[in-house]
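A short write-up of the structure that comes next.
We number each residue from 1, following the sequence as shown. Start at 1 and go down the list; that is how both ligands and their atoms are numbered.
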Amino acid sequence: MPDVTAGAAASNPHIARYQARGLKGRILSGVQPTGNLHLGNYLGAIRNFARLQSDYECLYCVVDMHAITVWQDPAQLGSQTREIASAFLAAGVDGRKHIIFNQSMVPEHAQLAWIFNCVARLGWMNRMTQFKEKAGKDRENVSLGLYAYPALMAADILIYKATHVPVGEDQKQHLELTRDIAIKFNNDYAAPDFFPVTEPLIFGAATRVMSLRDGTKKMSKSDPSDFSRINLTDDADAIAGKIRRAKTDPHPMPETASEAEKRPDADNLLGIYAALADMEKDAVIFEFAGKQFSEFKSALTELAVDKLGPVGAEMQRLMKDPGHVDTVLKDGAQRARAIAAPILEEVYRTVGFLKP
Ligand code: TYM
């Protein structure tokens, strides 16, 4: 894994505090409980969550308040929340050493988000591509929460003064906004270095996993076709069926990286293989150069079942034990609040709110 923090630390008081404890910083990241957790979420984010935990102090959050920016069935939201928490645990995150919790149990997120609504500028929000994509043509009819979403996301991160945020490529713009909010708050309130200017951690061979049905479209929870994604809870037969039906082109496997780049479906499958095998994509291209897709797809199926099977099985096991998952979340939320409450108090003082 590259040392993504190199260089940034020396002059950054927020990072220096962790370095004194032999750590590289504090991480916060989140995943929405909106169903259909997929391979993109796993390779782009959740697997990295587990891999970073020996070097950072980590908080991993199931962002249920973000989820309701679009309609969620109240009868499902609780089990969807537990499903994401189960995925964190199944991927190997240690919920005792680190913190796993759901957002709505820590009200300080929403309290800071309001202040950030007053820091962020409309012009900044209007540039958010994810809002434009999600709102589509029906902009008048989407929730105000969907528009304000990135300010809540900034609050998720900065209520812990987190220094680093592991995410997939699609969250990059939201993290740039988080940095802008931190800088503007620090300037407006003449509080230099109050909030850290957070570093994104986007790494691995699959930072943007594409749909299995269309290599130019992101793999997504909301794609109506289940064949577009591999869900973390898919069994071996489902994984095999989806890879068999994954879109390819009529040519043999690409021979070079530049050829692969021009063939998005092939490039996507090669990236998935590389990420699952922990190989460089170039090495995978070399191994399968000129071979038939059928041969590559068999190897990919075997690899995917081997790597994802145990994670899916552990998730299923945990989901049958909601009491245990609820305990992890509740305990995590208590520890998260212990960090967030004093930071919110400092923010309130800085803003000039009177204390009760
Ligand atoms: P969400 O729930 O859409 O996705 C969770 C994580 O999965 C990554 N991801 C992908 N990575 C690679 N390829 C894909 N096709 C793919 N699809 C999703 C996302 O980049 C993300 O890391 N806004 C966030 C949730 C959030 C958050 C936060 C993240 C709320 N507050 C604070 C970090 C810090 C979201 O909607 O992720």
Distance filter under 4.0 Å to [X] heavy atoms, resulting ligand 1 atoms:
X      : result
Ala45  : 6 (C), 7 (O), 22 (O)
Arg208 : 12 (C), 13 (N)
Lys218 : 15 (N)
Leu28  : 32 (C), 34 (C)
Val31  : 2 (O), 5 (C)
Thr207 : 11 (N), 12 (C), 13 (N)
Gly44  : 11 (N), 12 (C)

Part of [X] with heavy atoms under 4.0 Å of ligand 1, whether side chain, backbone, both or neither:
X      : result
Val165 : side chain
Val209 : both
His38  : side chain
Gln32  : both
Asp156 : side chain

Handout entry: Partner of Asp226 under salt bridge (Lys or Arg N to Asp or Glu O under 4.0 Å), chosen from Lys242, Arg213, Lys221
Key = Lys242
Handout entry: Ring geometry between Phe293 and Phe296 (parallel below 30°, tilted from 30 to 60°, perpendicular above 60°)
Key = perpendicular
Could you identify the single nearest non-hydrogen protein atom to [atom] and state the distance to 0.1 Å?
atom                    : answer
atom 37 (O) of ligand 1 : Gln171 NE2, 3.9 Å
atom 19 (C) of ligand 1 : Asp170 OD1, 3.3 Å
atom 18 (C) of ligand 1 : Asn41 ND2, 3.2 Å
atom 25 (C) of ligand 1 : Gly30 O, 3.5 Å
atom 28 (C) of ligand 1 : Met153 CG, 3.4 Å
atom 3 (O) of ligand 1  : Lys221 NZ, 4.1 Å
atom 11 (N) of ligand 1 : Gly40 O, 3.1 Å
atom 35 (C) of ligand 1 : Tyr149 OH, 3.4 Å

Carboxylate-amine/guanidinium contact [X] [Y], below 4.0 Å:
X      : Y      : value
Asp223 : Lys217 : yes
Asp326 : Arg82  : yes
Arg127 : Asp180 : no
Glu346 : Lys161 : yes
Asp267 : Lys281 : yes
Arg317 : Glu314 : yes

Problem - Beyond-backbone contact of Phe195 with Leu112, side-chain heavy atoms, under 4.5 angstrom - result: yes
Problem - Test item: Gln76 and Gln72 side chains (from C-beta on) under 4.5 Å apart, heavy atoms - result: no
Problem - Met210 heavy atom under 4.0 Å from ligand 1 - result: no
Exercise for the section: Check whether any N or O atom of Met219, backbone or side chain, sits under 3.5 Å from an N or O atom of ligand 1, and answer yes or no. Expected result: yes
Exercise for the section: Before signing off on this row, confirm whether Gly168 and ligand 1 have an N or O atom pair separated by under 3.5 Å. Expected result: yes
Exercise for the section: Using the side chain to side chain donor-acceptor pair (under 3.5 Å) rule, pick out the option among His164, Arg26, Lys24 that qualifies with Tyr18. Expected result: Arg26
Handout entry: Same cluster (ILVMFWY, side-chain, under 4.5 Å), Leu308 and Phe227
Key = no
Practice task
Find out if a path of hydrophobic residues (ILVMFWY) with successive side-chain heavy-atom gaps under 4.5 Å connects Met125 to Ile157.
Solution key: yes
Problem - Lys132 atom NZ, over 12 foreign heavy atoms within 6.0 Å - result: yes
